[in-house]
**Q** 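So that we are looking at the same thing, I have put the structure below in C-alpha cells.
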There are 2 protein chains.
Amino acid sequence: MHAEILSVGTELLLGEITDTNAQYISARLKDIGVDVFRRVTVGDNPARLEAAFREAIGRADIIIATGGLGPTEDDLTAQCLAASLGRKLVFNEAAWALIEERLRKRGRAGSEADKKQAYIIEGGLFFPNREGTAPGQAVLFDGKLAAILPGPPREMRPMFDTQVLPLICKTYEGLQPILSVNLKLVGIPEAKVNEVLKDLMESANPSCAPYVGVGEVRIRIAAKGSSTREAQLMLSKVEEEVRRRLGGYIYGQDEETLEEAVAVLLRKRGMTLAVAESVTGGLVCHRLTGVPGISRHLIAGMVAYSPKIKVSCLGVPSEAALRDQAVNEEVARSMAEGIRRLAGADIGLATTGFAGPEGGTEREPVGTVYVGLSDKRGYLVDRQVYPGSRSSVKEFGAQRALYILWKHLKEWEK
Amino acid sequence: MHAEILSVGTELLLGEITDTNAQYISARLKDIGVDVFRRVTVGDNPARLEAAFREAIGRADIIIATGGLGPTEDDLTAQCLAASLGRKLVFNEAAWALIEERLRKRGRAGSEADKKQAYIIEGGLFFPNREGTAPGQAVLFDGKLAAILPGPPREMRPMFDTQVLPLICKTYEGLQPILSVNLKLVGIPEAKVNEVLKDLMESANPSCAPYVGVGEVRIRIAAKGSSTREAQLMLSKVEEEVRRRLGGYIYGQDEETLEEAVAVLLRKRGMTLAVAESVTGGLVCHRLTGVPGISRHLIAGMVAYSPKIKVSCLGVPSEAALRDQAVNEEVARSMAEGIRRLAGADIGLATTGFAGPEGGTEREPVGTVYVGLSDKRGYLVDRQVYPGSRSSVKEFGAQRALYILWKHLKEWEK
C-alpha cells in the first residue's frame, strides 16, 4: 500500500509559503502503515498539474493532493484531477449550500467565483470544510483512491483526520500500524538526554531518538510489530524505561504543550495566576490563553514595557527600575510580587530582559532574561542568557518562564 | 545550473517536524536563477543518507543539505557527505573555538559529544553559526558545490543568506535572476482582489497571483527577463499598475509585517499606544513587541481576561461587563478608553470576544471579536465573527485589531 503526496501551488515551488501539509499527511499515513514513497510539489499550471496526477496515479495506490481548491483563477486542482481521470466536474447543490452557509456566517454573499468550489468530480464524494469554504473531494477507481484537500493547514488537517483517514482505512484492509510516542522534556540539555539514553538509541526497532526544540527536548519512541498488540508492547517497554530514567523532566507527550501542562497543574492546585511581561512582550500570556478554560486561572496579564509602568502599575522601586534599564533580579522579583498583588492572584510570574537587537549593558547583555515568580510563601528569580535574534530571545524567555512556573507547581505541596 | 536539496532527518520523513528549509532555500536559489529540480527527504540512516548524497552529486551542480549536524548519535550528515566524496573528516581548532565560545555564553562547558561538531570535511570550509553551535560546511569538487547546514531554521537561514549564497554566486557566473515582489493587503477579500486584477492574472510573464493569508491577501508579482534590468522594468510596470488599482489596501511588501507597518506609522505620527486584550489574550502585544524599537511607542499592554479585572483596572462599567459575558460594544470601547487613561497613551486599542471552544451567547456566538479604538477625539468599535478553532479566532482577531489600528493611523491627520 503506497501513497504519493502532491503539494499544489506555485507559491510552494518558489518557496513563497511553507508546505506543512506533506509532513502532516506523511505522519498520519505512517501511523496506519501506509508508506509515502514520493512527495511532489507542482505549480498552478494545468498541463504540469494534470501530468503530475497521471504519474502519481500510475505509481501509487493512494494519491493525496493539497491546495488549489479555492475560488480564484489559478485554483485548478479539481479540474486537473478530473481531466487525468477522464471525468467531468458536476455542480453539487449540497456542497454549494454548505459553502453559502459558511459565507453567510462571515457576512458575505456567494459570488460566481465562490460557486466554482461546489463542482465535484463525477462519481466522487466531497468532504465538508468546517474551517473554511472549499470542500475536499475523493474519488475511488480501479482499487485506488485519490483525494484533494484545501491548502490551508487549519482546513486540511481536521478534514484529513476526521474524513479522509477513516475513508482510507475503510477502503483498504490490514493496514499495519507503526506506533509511536513523543515524550517532551524541559530543564535538561539534549547532550544529557543523549548520555542517559545512549543504549536505547542504538536499537532500530523499537527506536528511540531525541530532538531538540526551543527550550525543550523531545524523545520520539517508535515500534513496528507484526501486530498492533506486539507493537504496543514493544513501545510500552521502552517508554517505561525512558520514564524511569527521565520522568522528572517530562511535562507531557505528543501534541501536549508546556502551557497545557501548566494549566493542568493550576487546575489541580486550584490556584490563580497573574503575569507581568517585559522582555517576552505578551508571548507568555498568548501561550497560556491558547489553552481552553485558562480564564478560570489566569486572572490578568500585563505587558509592562516601559520602566515608568513597572514603577507606577507594579510598584517596582524606581531605583531598581533605573539600574541596568530595569533588567535585574530586583525588578523581576518586584514585578512578580506587584502583578500578584494587583490581580489578587496566588502566583505572580514576571519576565524582564533584553531581546535586542539594541540595548543591553555590560552586566546584562542582549539575550539576558530574568524570570521572577512570587507566591504567598516567597519568591524565586532565574537568570539565563540566550543567543539569537529578538524573536528567539522572546521564545526562549517565554519557554523558560513557563518551565519555572511548571516546576514550581509540580513541586508545590500544601 | 541545477540544484538539489536534501532535507535530513527521520523526524521529517515521519512528519515529526516540518521542513521549512527546503522551501526557504528554493526561494533564495530561484532569486539568483538557480532551478531546484528535486527535493529529497531522507532519514538518519548512514547507508541511505550516503546514497542520497551520491545520487544528488550525480544529478546536480549544487547540493544543499540541511539537518543532522548536531552532537547526537544520529547526526550523520557530515560523515555521510565525506564518505560519498571519499574524504576524511578533520578536527578543526578554529571551528571548535567558536563552538566552545557559544557554549560558554550559555554557561555550559564543551562535552566530547559537542566536539563532534568541529570535524570538517577534508579540503572543505566551515560557516560559523551565529545562532547555535553546529557550524555549516561546504566543499568544492569537479566544478560542483556541496553545502551542509544546520537543521534549525533560525540557524540555517542567516548562514545560507550571508555565507552560502555569496559563495554560490562567487563560484558560478551569469546566474540570471527572477525578480519578484509580494504586496501585502488588508481590508479587502481575496475574491475582490481577484476581480480587480483578473486581466493581469492572465499573463504568464510577468505573472501576478493573489494568495490568501490570515486576515490579509498577498499579491505575488514575478518577472523573468533576458537581463536583470529588463526583468526589473517588467516587474515595475505591473507593480505600479497593481498599486494604482489597490494602493489603499497595501500595508507593505515581502517580509514586512502589519505590526511593522503600524510601528512605522506610530513613529511617523509620534504617537504612543496602550493595548487591552481579552479574546486575543496577548497576541496583539506579542506581535507588536516583535518589532525592534516599539518600546518607544507601546507604553503598556494588559491581558484583562476576567470581567473583574476589566472593571477594577480598566474602569469598564460593571453592568456592561456582565452583559453577554463582557462581549459587547460598550466593553470594547471602555477597555480601549480605560487602558489609554491608565497608561497615559495617545491611542488605546482593545479586543473582547469569544475564542471558544466553550462560551458564546445567542447574540454573540463563539468567533465573535470586538475591536475598540480610543483616542483624544473619540472612539470606534469594529465587530467580526470568525470561523475556526480557538487559535484561529485569536489570530484573526489580533490581525483585525492591528488592521483597525493601521487604518486609523494611516488616515489620521493632525
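Both backbone and side-chain heavy atoms feed into the values below; hydrogens, waters and symmetry mates do not. All of these numbers come straight from a predicted model, not from anything done at the bench. Reminder, nothing fancy here: chain letters follow the sequence lines and each chain counts from 1.
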**Q** Using non-hydrogen atoms only, which part of B:Val291 is less than 4.5 Å away from chain A: side chain, backbone, both, or neither?
**A**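 B:Val291 touches chain A through backbone heavy atoms alone.
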**Q** For the interface with chain B, which of A:Ala276, A:Ser312, A:Ser26, A:Ala300 has the highest count of heavy-atom pairs at distances below 4.5 Å?
**A** A:Ala300
**Q** Is there a side-chain contact between A:Thr289 and B:Tyr305 in this structure, where contact means two heavy atoms from C-beta onward sitting under 4.5 Å apart?
**A**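 A:Thr289 reaches B:Tyr305 side chain to side chain.
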**Q** Applying side-chain contact (heavy atoms from CB on, under 4.5 Å), run through A:His286 and B:Lys394 and close with a yes or a no.
**A** CA-CA 9 Å; A:His286 169 49; B:Lys394 280 181 69 180; 2.9 Å; yes
**Q** If I measure from the heavy atoms of chain A, does B:Asn182 come under 4.5 Å with its side chain, its backbone, both, or neither?
**A**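 For B:Asn182, side-chain heavy atoms alone lie under 4.5 Å from chain A.
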**Q** Check whether B:Asn194 gets within reach of chain A through its side chain, its backbone, both or neither, counting any heavy atom under 4.5 Å.
**A**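 It is the side chain, since no backbone atom gets that close.
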**Q** Give the intermediate values and the outcome of side-chain contact (heavy atoms from CB on, under 4.5 Å) for residues B:Met302 and A:Ile309.
**A** CA-CA 11 Å; B:Met302 174 157 248; A:Ile309 288 289; over 6 Å; no
**Q** Are side-chain heavy atoms of A:Lys105 and B:Val385 found at a separation under 4.5 Å?
**A**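 No. Closest side-chain heavy atoms not under 4.5 Å.
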**Q** Measure distances from B:Arg28 to the heavy atoms of chain A and classify the residue's part below 4.5 Å as side chain, backbone, both or neither.
**A** neither
**Q** Does B:Lys308 reach the main-chain N or O of A:Ile299 with its side chain, forming a donor-acceptor pair under 3.5 Å?
**A** no
**Q** Indicate yes or no: at least one non-hydrogen side-chain atom of B:Thr72 is less than 4.5 angstrom from one of A:Glu190.
**A**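 In short, these two side chains touch, coming nearer than 4.5 Å.
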**Q** Can you tell me how far CE of B:Met201 sits from CG of A:Asp74, rounded to the nearest 0.5 angstrom?
**A**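 Reported value, rounded in 0.5 Å steps: 5.0 Å.
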**Q** Using non-hydrogen atoms and a 4.5 Å limit, figure out which bit of B:Lys198 sits close to chain A: side chain, backbone, both or neither.
**A**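 Looking at B:Lys198, just its side chain touches chain A.
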